[in-house]
There are 2 protein chains.
Amino acid sequence: MKHSDLPLNKVLLGDCIETMESLPEGSVDMIFADPPYNLQLKGDLHRPNNTKVDAVDDDWDQFESFQAYDEFSKRWLKAARRLLKPDGTMWVIGSYHNIFRVGSILQDLGFWMLNDVIWRKTNPMPNFRGRRFTNAHETMIWVAKDKDARYRFNYEAMKSLNDDLQMRSDWTLPICSGGERLKKDGVKAHPTQKPESLLYRVVLSSTQPGDVILDPFFGTGTTGAVAKKLGRNWIGLDQDKDYAEMAERRILRVKPIEDLELLRTESKRSAPRIPFGSVVERGMLKPGDVLYDGRRRYSAKVRADGTLVTADFKGSIHQTGAFVQKAPSCNGWQFWHVEQKGQLVCIDAFRERLRAELN
Amino acid sequence: MKHSDLPLNKVLLGDCIETMESLPEGSVDMIFADPPYNLQLKGDLHRPNNTKVDAVDDDWDQFESFQAYDEFSKRWLKAARRLLKPDGTMWVIGSYHNIFRVGSILQDLGFWMLNDVIWRKTNPMPNFRGRRFTNAHETMIWVAKDKDARYRFNYEAMKSLNDDLQMRSDWTLPICSGGERLKKDGVKAHPTQKPESLLYRVVLSSTQPGDVILDPFFGTGTTGAVAKKLGRNWIGLDQDKDYAEMAERRILRVKPIEDLELLRTESKRSAPRIPFGSVVERGMLKPGDVLYDGRRRYSAKVRADGTLVTADFKGSIHQTGAFVQKAPSCNGWQFWHVEQKGQLVCIDAFRERLRAELN
DNA sequence: TTGTTTTCTGAATCGACGC
DNA sequence: TGCGTCGATTCAGAAAACA
């Protein structure tokens, strides 16, 4: 799949399900969807008979409208699943009115749940009647296409964004207001415009520059604006011409971050692999040098071929570390140290030095 | 319905669905349920230090399929619905593995959703493999029996509990540990014991003294312990004799609180931690912006993930500040400034602004 | 006795790659 | 596709151990 086969960085007007079905299979890296939940379905539904409405019928009404919502959800989620690349992921946001239905259907369709992420609003609408808890959050579900997908998660970038602590499943962010909120004739243009900060974190966590991000319920185009800012491609679907025009105008004004280096998310995972043997080969350690664990409980000797040897074991730095600790596994780079000027220095420092040479 | 028709303040041993079906219809004011989560774990998980994570692998959490789990859920939820008084409410807690299925079924059965409430854990288990966001919350769904029910919500009590601000739908509470955690021979007695603080808030918000509270998955009896403490009646159902005995012994030791004022939580919380990443995410600084120290001796560029970069270093605001000064450590918030209208402004000002939003 | 450091643990759907 | 090998990965709070 080449990007050139896709209508990139524009809004496609029309029914989102039909549009998705017309786009090439397995072509999209990530989907962000903010589906409607207040469908005005009642008029379209046919009760099996025309009997007078009573309490029982009320229940029936409710059931039938859930069923209609489920049908709609299944259709667009199936179309979305078809569009996703095998290792692509999808985010769906909703509230308690619809998110449980969406979540169940996602599981039924074979999507694999990675996280449910809570958007905690710093400034939610208060509850006026005092009959419930202030509804101060929305829920996002993040899924991979299936259980074994090798999806993208920019762990280190998320950790950096959170002061070097793992990013949690609850995100505290304000709602979209002030200058960021699109207005038309002085009133808000769209009822559910999402804040760019929310999309920033979504996009930064699960895509890389150049990826294709699709939003089937584009609205005022927050997904596109953030995608452009972060150097990703976007495709917006919407059936409302006014929204589509507003979104395109909005995104036109967005300036991408130019220096791609600033966008690159660090991933230790993709750092070049350094075999321990090269540390010996390069003379940073010599055969016969003695390694210790951090507290000098264990020791081992370096051999010329980059293995270690103890009184009763021979093997890689990892195997030997695991053996002396009687542990199932061990990261030898972190475990072993060498004495330099009376201090124990972790051998991982040698690996870092070799990596720096390669960069 | 008189209370005398009910087996109050004891644990009923056996299958919870059968037991519920044997109790009188419309007799219970509130139900709190912590059903099996249907975790689908396979293989062991080790921490980075090679210790094994003690996961939930109990028989009662094993279901063959989503369908089997749904059938089970429908059965117990129907039985629970029959037991509830017309104006009673029910709470169900779960995680992303099961809560979407439970939520859908609740809606299908005609329950009326009042809130979904997020329990944010202050001290969740971290994510060891770095492949997801740290799963730091669980979800509770609070429902009335139907749309027009005149359910109980102690609005003022909740507001008082929250420093005279409306109680929100996200609750920040620690997990159950330390002395509160029931142990048997030194190891945790139950894999999923809930903290009493969580149940305090549930019970205090939606019941009044003298009410009957039923828990169909009683386990070690946290619901009963809190109910007794708060002067409510409780009924616990469980099929495990050991758990039942442990719970009864535990509740026997509980002393009811006479002065409810004591339950007020002093929540003059310390200043919330603001990661530098949020300043970028929120657009207060943009990737590529240049930061200087107060005397413009050093400069660094902001990256998209909230790290800084200089000619020969990349890292957090603190690490980078320390590096350029060749100092062992540095408070980046105080050290770095940005030029605005020709003036250097300390980036700590941004942190203050974000803190103010969190009030 | 008191302050400091180390250890332990909690509802977890938790790898990638080559042969 | 299945299996073995290599290698990457943790935060907060309480309790225990130690100084």
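Reminder, nothing fancy here: chain letters follow the sequence lines and each chain counts from 1.
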Given Watson-Crick and G-U pairs under 3.5 Å, DNA chain D in dot-bracket ([ ] crossing, | other strand) is .|||||....|||||||||

Hits for side-chain hydrogen bond (donor to acceptor under 3.5 Å, both in side chains) against B:Ser205, two or more places apart or cross-chain, chain-then-number order -> none

Who are the side-chain hydrogen bond (donor to acceptor under 3.5 Å, both in side chains) partners of B:Glu196, not counting sequence neighbours? B:Lys229, B:Arg250

Can you sort out the partners of [X] under side-chain contact (heavy atoms from CB on, under 4.5 Å), two or more places apart, ordered by chain and number?
X        : value
B:Ser177 : none
A:Asn331 : A:His318, A:Trp333, A:Gln334
A:Val280 : A:Phe276, A:Pro287, A:Val302
B:Gln40  : A:Trp112, B:Asn38, B:Phe66

Mind telling me whether B:Trp142 and B:Trp91 have parallel, tilted or perpendicular rings, with 30° and 60° as the class edges? parallel

Phosphate OP1/OP2 of [N] contacted by [X] side-chain N/O (<4.0 Å):
X        : N      : value
B:Arg181 : C:dC8  : no
A:Lys159 : D:dT10 : yes
A:Tyr155 : D:dT10 : yes
B:Arg131 : C:dA16 : yes
B:Lys188 : C:dG10 : yes

Of the nucleotides [options], which one has an atom closest to the side chain of [X]?
X        : options                : value
A:Glu156 : D:dT9, C:dA11, C:dC14  : D:dT9
A:Arg150 : C:dA11, C:dC17, C:dT9  : C:dC17
B:Phe128 : C:dA12, C:dC14, C:dT9  : C:dC14
B:Val53  : C:dA12, C:dA11, D:dT10 : C:dA12

What residue among B:Leu106, B:Ile99, B:Val102 forms side-chain contact (heavy atoms from CB on, under 4.5 Å) with A:Phe100? B:Ile99

How long is the line joining CD1 of A:Ile347 and P of D:dA8, in whole Å? 12 Å

In whole angstrom, give the distance that lies between atom CG of B:Asn135 and atom P of C:dC14. 11 Å

Enumerate the protein-to-nucleotides 1-7 of chain D contacts in which both atoms are nitrogen or oxygen and the separation is below 3.5 Å.
unit_1, atom_1, unit_2, atom_2, d
D:dC6, OP2, A:Gln319, NE2, 3.0
D:dG7, OP1, A:Arg273, NH1, 2.1
D:dG7, OP2, A:His318, NE2, 2.6

With sequence neighbours excluded, give me every side-chain hydrogen bond (donor to acceptor under 3.5 Å, both in side chains) pair touching residues 179-191 of chain B. B:His190-B:Thr192

Among all residues two or more places apart in sequence or in another chain, which pass the ring-ring contact (aromatic ring centres under 6.0 Å, His included) test with A:Phe313? A:Phe323

What side-chain donor-acceptor pairs closer than 3.5 Å can you find for residues 237-246 of chain B, not counting sequence neighbours?
unit_1, atom_1, unit_2, atom_2, d
B:Asp238, OD1, B:Asp240, N, 3.0
B:Asp238, OD2, B:Phe218, N, 3.4
B:Asp238, OD2, B:Gly219, N, 2.7
B:Asp240, OD1, B:Asp242, N, 2.8
B:Asp240, OD1, B:Tyr243, N, 3.0

Roughly how far apart, to the nearest Å, are D:dG7 and C:dC14 at atom P? 23 Å

Roughly how far apart, to the nearest Å, are C:dA12 and D:dG4 at atom C1'? 25 Å

Base, sugar-phosphate or nothing for B:Ser95? Non-hydrogen atoms, less than 4.0 Å. nothing

Can you check nucleotides 13-17 of chain D for protein contacts, nitrogen or oxygen pairs under 3.5 Å, and list what you find?
unit_1, atom_1, unit_2, atom_2, d
D:dA15, OP1, B:Gly179, N, 3.4

Can B:Trp234 and B:Thr223 be counted as having a side-chain donor-acceptor contact under 3.5 angstrom? no

